[in-house]
Amino acid sequence: MARCFGVSHNVIAGIAFRNRALFSSKPRARNCRPHESKRAPRKDKTAMRDRKPETIIIPSHKYDLERLPFAKRLLELRPGECIWPINDGSPFLFCAAKTVGKYCQHHQSRAVAVHRIAKREK
């Protein structure tokens, strides 16, 4: 089939994978010895429902409060300005300090510190 269309067989496999509903499913062979295969015990779904996702909350810093008068909205930011959000409400405001990369030096160090803390907890 791939030769007919002039593409590789991986292209055909990708199209088939993305459009599985268009192809009939092949019946799977059952295990000949059902007594040997055991299913894993099910987890209690109520315990998972009550669990809240773990999030890392970055507290506001004195630096963010100092940058608030100079803060800009996302559409007002220009290249070379820090894109670190400094508030958690609407409208979102960003640092907008002059920088070479995405973040100013202060926010770059905070981003690396948060990444290290999250990596350590795993």
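- Within a 6.0 Å radius of CD in Q105, no more than 12 heavy atoms belonging to other residues, nucleotides or ligands are found.
- Counting only heavy atoms from C-beta outward, the side chains of S8 and V11 approach each other to under 4.5 Å.
- Taking the ring pair (Phe, Tyr, Trp, His ring centres under 6.0 Å) definition, one finds that Y63 meets it with H106, H107, sequence neighbours left out.
- For the pair R110/D64, a side-chain contact is recorded, criterion being any heavy-atom separation below 4.5 Å from C-beta on.
- Within the model, atoms CZ of R78 and NZ of K98 stand 8.5 Å from one another, a figure rounded to the nearest 0.5 Å.
- Residues that satisfy the side chain to side chain donor-acceptor pair (under 3.5 Å) test with K102, not counting sequence neighbours, are absent from this structure.
- A chain of hydrophobic side-chain contacts below 4.5 Å, direct or via other Ile, Leu, Val, Met, Phe, Trp or Tyr residues, connects I86 to L74.
- A search for side-chain contact (heavy atoms from CB on, under 4.5 Å) contacts involving F92 returns N87, F94, not counting sequence neighbours.
- When the ring pair (Phe, Tyr, Trp, His ring centres under 6.0 Å) test is applied to Y103, the partners found at least two apart in sequence or on another chain are W84.
- Formation of a donor-acceptor pair under 3.5 Å by the R73 side chain with backbone atoms of L93 is not found in this model.
- Residues forming a side-chain contact (heavy atoms from CB on, under 4.5 Å) with A96 (at least two apart in sequence, or on another chain): K72, L77, E81.
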